[in-house]
Amino acid sequence: MEPRMNLMGNELGAKISKRIYNVALAIEQSSPPKAVQDLVMLRASQINGCGFCVDYDAKDAAAAGETAVRLHLVAAWRESTVFTGLSS
């Protein structure tokens, strides 16, 4: 399967990549704990539809100690019982 858009191959892709980077930077500079930031990054990547980013963020969160259950449920966080407040 071919990617729908090559983020590195054109001017529009470069603009999108810059926006994604800025979102990541804003999340990293926010006040929630690192574990929550990792989950926010993963959810933002899911919403953006960036397969590379979802893979990267899921692996990064797992390497930082995030549980498989929470990684699998982040897309349905509102309906899940494993997330409470801003705690990790």
Side-chain angles (χ1 to χ4, degrees):
M1 177 184 285
E2 291 292 319
R4 292 184 211 166
M5 179 180 290
N6 179 357
L7 291 179
M8 305 304 175
N10 59 48
E11 187 177 327
L12 177 60
K15 287 180 181 179
I16 292 170
S17 294
K18 183 177 180 181
R19 302 296 191 286
I20 291 171
Y21 171 78
N22 286 331
V23 168
L25 189 60
I27 292 169
E28 288 175 4
Q29 293 174 348
S30 66
S31 62
K34 176 74 168 107
V36 174
Q37 290 178 10
D38 288 343
L39 293 172
V40 170
M41 291 287 292
L42 175 57
R43 186 64 186 129
S45 295
Q46 290 171 339
I47 292 167
N48 289 331
C50 177
F52 170 83
C53 301
V54 169
D55 182 58
Y56 179 88
D57 292 332
K59 288 176 181 174
D60 194 36
E66 190 55 72
T67 67
V69 170
R70 285 167 50 105
L71 288 173
H72 289 119
L73 289 174
V74 74
W77 66 271
R78 286 183 183 98
E79 294 79 23
S80 173
T81 59
V82 298
F83 301 105
T84 58
L86 285 178
S87 63
S88 55

Asker: In Å and rounded to the nearest 0.5 Å, what is the CG to CZ distance from L39 to F83?
Answerer: 5.5 Å

Asker: Please confirm whether the backbone N or O of W77 pairs with a side-chain atom of S80, one donor and one acceptor, at under 3.5 Å?
Answerer: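 Side chain of S80 to backbone of W77: no pair is present.
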
Asker: Say you draw a straight line from NZ of K18 to CG of L25; how long is it, rounded to the nearest 0.5 Å?
Answerer: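 Rounded to the nearest 0.5 Å, the NZ-CG separation comes out at 12.0 Å.
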
Asker: Are V82 and V74 connected, step by step, through hydrophobic side chains (Ile, Leu, Val, Met, Phe, Trp, Tyr) whose heavy atoms are closer than 4.5 Å?
Answerer: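 Linked, V82 and V74 end up in one cluster.
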
Asker: Kindly indicate whether the side chain of L42, heavy atoms from C-beta on, has any atom under 4.5 Å from the side chain of D38.
Answerer: no

Asker: Could you state the interatomic distance from CD (E11) to CD1 (I16), rounded to the nearest 0.5 Å?
Answerer: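 With rounding to 0.5 Å, CD (E11) is 11.0 Å from CD1 (I16).
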
Asker: Quick check for you: to the nearest 0.5 Å, what is the distance between H72 atom NE2 and E66 atom CD?
Answerer: 11.5 Å

Asker: For Y56, is there any backbone N or O sitting under 3.5 Å from a side-chain donor or acceptor partner on D60?
Answerer: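 Here the side-chain-to-backbone pair does not exist.
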
Asker: Going only through I, L, V, M, F, W and Y residues with side-chain contacts under 4.5 Å, is there a path from L71 to V69?
Answerer: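 Cluster IDs for L71 and V69 match.
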
Asker: Find the distance between CZ (R43) and OG (S45) and round it off to the nearest 0.5 Å.
Answerer: 10.5 Å

Asker: Just verifying a value: how many Å separate C53 SG and M41 CE, rounded to the nearest 0.5 Å?
Answerer: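 CE of M41 is found 8.0 Å from SG of C53.
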
Asker: I'd like to know if the side chain of Q46 and the backbone of V54 have a donor-acceptor N/O pair within less than 3.5 Å.
Answerer: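 Checking the backbone N and O of V54 against the side chain of Q46, no donor-acceptor pair under 3.5 Å is found.
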
